[in-house]
Every structure is written in C-alpha cells, then in structure tokens.
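Here is how names work: the chains are called A, B, and so on, in the same order as the sequence lines, proteins then strands, and each is numbered from 1. Hydrogens, waters and symmetry mates are skipped; everything else that's a heavy atom, side chains included, is used.
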Protein chains: 2
Amino acid sequence: MKQTRNTTAKTEILDLISQSEVALSHSEIQSALDGLCDRVTIYRVLNRLVEEDLVHKVVNTDGGVKYASCHSCATTHNHNHIHFSCQKCKSVTCLENVEPSFKLPKKYKVSEVNFTVSGICPKCS
Amino acid sequence: MKQTRNTTAKTEILDLISQSEVALSHSEIQSALDGLCDRVTIYRVLNRLVEEDLVHKVVNTDGGVKYASCHSCATTHNHNHIHFSCQKCKSVTCLENVEPSFKLPKKYKVSEVNFTVSGICPKCS
DNA sequence: CTTATTTTTGCAACAATGTTGCATTAAGTA
DNA sequence: TACTTAATGCAACATTGTTGCAAAAATAAG
Ligand SMILES: [Zn+2]
Ligand SMILES: [Zn+2]
Ligand SMILES: [Zn+2]
Ligand SMILES: [Zn+2]
C-alpha cells in the first residue's frame with residue numbers, strides 16, 4: 001500500500017471542507033484557495049481525501065459534484081445520510097441524522113448510496 | 001404555452017428509451033441512433049421529453065446522467081423510486097416499487113428527489 | 001395542394017468539468 | 001544532509017452540455 005503525505009494543498013483543502021457548513025464544489029474550492037495550487041492538484045487532492053475517507057462526495061440532483069467532511073465518521077462511518085440541495089441558494093447540506101429506510105429485492109448487493117433531495121432550505125423559505 | 005411537434009428524432013429517441021430495460025445515457029442513445037441526428041438535437045429532445053414528463057432523468061452515483069421512461073406515470077406520476085447502478089455491468093435500473101421513507105426536519109420543503117444505490121445487480125452476482 | 005407560421009434541426013463555437021503524461025518539486029526518512 | 005517516492009504544475013486532451021443563428025421540417029390555414 002502506498003504512502004500519503006501531508007502537503008500544503010491537502011491541508012488547506014481539508015480545512016476548507018471541514019470548516020464549511022455546506023458541501024463545496026471543485027470550483028468553489030478553487031476560488032477560495034485563490035491560486036494556492038493548480039486546478040489539477042485540487043482534483044487529485046480531492047480524490048485522495050475521498051480515498052482516505054476524510055471527505056465524502058455528494059452528487060447533486062443536477063449532476064454537480066460537491067465534497068463534505070465526515071463529521072460522524074469517527075464512530076459509525078457510513079455515508080448513508082440524505083443531502084439537501086437548495087434550489088434557491090444552491091447550497092448542499094449533509095443531514096447526517098436523516099437515514100432513509102428502504103427494502104431492495106434480495107438479489108441486489110448494495111455497496112454505496114447517494115440520496116439527494118432538492119427543494120427550499122430553511123434559510124431561504 | 002408553446003406547442004410541441006412529433007419529429008423523427010423525438011419518436012426514435014422515445015422508442016429507444018421506452019423499449020430499454022435500463023436507463024440510457026446521451027452517448028448510448030447517440031450510438032444507437034447511428035447518425036440519425038446531431039448530438040445537440042439529442043440533448044434538446046431529451047430535455048423536451050423530460051419537460052413533457054415522458055421520460056425521467058437519473059443522476060448516477062458517479063454524476064453521469066441517464067434517462068428512463070416512466071412506466072408508472074400513467075397513474076401516480078412521481079419519480080421517487082430508487083435507481084440501482086451496477087458497478088460491474090454499469091447498468092442503471094429503475095426499481096419502481098422501491099420508494100424509500102425518510103423524515104426531514106420540518107423546515108425543509110422538498111420538490112424533487114434522487115435516490116441512487118450502487119452495488120452488484122442480480123445478473124452480475 | 002399550396003402557402004404561411006413556428007418549431008426543430010444542424011453546425012460551429014464555446015464553456016465547464018475532469019483526466020493523463022511527464023518533468024520538476026517537495027515530504028518523509030535514514 | 002542525502003535519498004526515495006509522493007505530490008505538483010503545466011500542457012494537452014476528453015467528455016458533457018449550452019448557445020446563436022440560418023436552414024429545414026411540421027403543423028395550420030386557405
Ligand atoms: Zn437555500
Ligand atoms: Zn454528507
Ligand atoms: Zn450488473
Ligand atoms: Zn426511474
């Protein structure tokens with residue numbers, strides 16, 4: 001297994017995501033970093049962070065991809081909660097307490113879920 | 001309100017999607033049509049089909065977008081069912097009978113959902 | 001059937017997002 | 001300090017989706 005190193009880019013990006021209330025997209029991160037590193041580096045760091053389970057990926061209802069930190073990972077480590085996507089302010093929020101229940105036909109083997117709900121968030125209504 | 005016309009492209013594309021067991025992506029449709037019309041036309045037809053509720057859009061766990069026909073639309077017309085994305089054969093299937101239940105905090109107003117589960121489908125296991 | 005009206009289409013150009021190869025830089029370690 | 005290997009920057013490319021505009025096709029009207 002390969003090693004992983006702590007670089008400025010990685011630290012800064014993880015800090016940004018951890019300290020954000022909402023999930024962040026690549027382009028939002030790029031603006032926030034303001035030239036600290038290259039676009040490509042951001043993509044690679046994000047992949048690494050997901051790989052290392054320090055961050056999780058959220059696919060929005062419009063297909064856009066955002067990243068959020070795993071606040072509850074220390075204990076349970078699953079990312080089965082719902083994400084809410086506000087159509088007004090475009091924010092994507094983890095609702096870590098909301099885990100939907102569903103029953104698939106037996107033969108399906110589940111390894112990952114992505115539940116996104118869009119509408120109007122509390123702040124916008 | 002504007003009219004809508006029945007064109008060859010629209011008919012062919014709707015047929016393709018209706019007769020498919022699995023959800024189809026733009027590029028899959030393009031290959032199947034084999035030059036019948038331009039890429040751009042396919043995008044525009046797909047948007048129209050979604051607009052007219054003849055087809056629904058599925059955003060996969062990897063962010064890819066696919067389209068599926070609405071078999072149950074005649075009666076209930078909601079697209080709240082789960083979609084299953086097979087990591088092996090890459091197929092995306094509507095599980096029209098599986099509607100997850102979940103409870104959001106009161107203040108959120110829901111207008112659309114996208115539930116995707118990925119793993120291994122029956123055919124691949 | 002012919003003409004008129006409005007939607008659709010094709011094409012070219014553009015934009016956004018993500019990936020890859022390769023030489024250079026920098027982190028961790030001995 | 002020097003060495004090894006991961007991480008970065010840069011350029012180039014790939015995919016997906018959008019927009020403007022002139023030409024073509026579908027419906028409606030005569
Ligand atoms: Zn909002
Ligand atoms: Zn989350
Ligand atoms: Zn499969
Ligand atoms: Zn479906």
Inset, instruction - Select from A:Lys10 and B:Val65 the residue whose nearest nucleotide in DNA chain D is closer to the 5' end of that strand. - result: A:Lys10
Legend entry - 5' precedence on DNA chain D between B:Arg44 and A:Asn6 (nearest-nucleotide basis): A:Asn6
Legend entry - Phosphate OP1/OP2 of C:dT8: any B:Thr4 side-chain N/O under 4.0 Å: yes
Legend entry - Closest listed nucleotide, where the reference is the side chain of B:Thr7 and the choices are C:dT8, C:dC11, C:dG18: C:dT8
Legend entry - d(OH, B:Tyr43; P, C:dC11) in whole Å: 16 Å
Inset, instruction - Examine distances only and state if a side-chain atom of B:Thr116 and a backbone atom of B:Val59 form a donor-acceptor pair shorter than 3.5 Å. - result: yes
Legend entry - Stepwise side chain to side chain donor-acceptor pair (under 3.5 Å) test for A:Lys10 and A:Thr4: CA-CA 10 Å; A:Lys10 186 180 171 187; A:Thr4 177; 3.2 Å; yes
Inset, instruction - Whole angstrom is fine here: how far is it from CD in B:Glu51 over to C1' in C:dT8? - result: 16 Å
Inset, instruction - Under 4.0 Å from any heavy atom of chain A: name the first and the last nucleotide of DNA chain D that qualifies, 5' to 3'. - result: D:dT5 to D:dA11
Legend entry - Presence of donor-acceptor pair under 3.5 Å, side chain of B:Arg5 and base of C:dT6: yes
Inset, instruction - Fit a plane to each ring of B:Phe102 and B:Phe115, take the angle between them on a 0 to 90° scale, and name the class: parallel (under 30°), tilted (30 to 60°) or perpendicular (over 60°). - result: perpendicular
Legend entry - Axis-to-axis angle between the two ends of the helix from C:dC1-D:dG30 to C:dA30-D:dT1 (five base pairs per end, rounded to 10 degrees): 30°
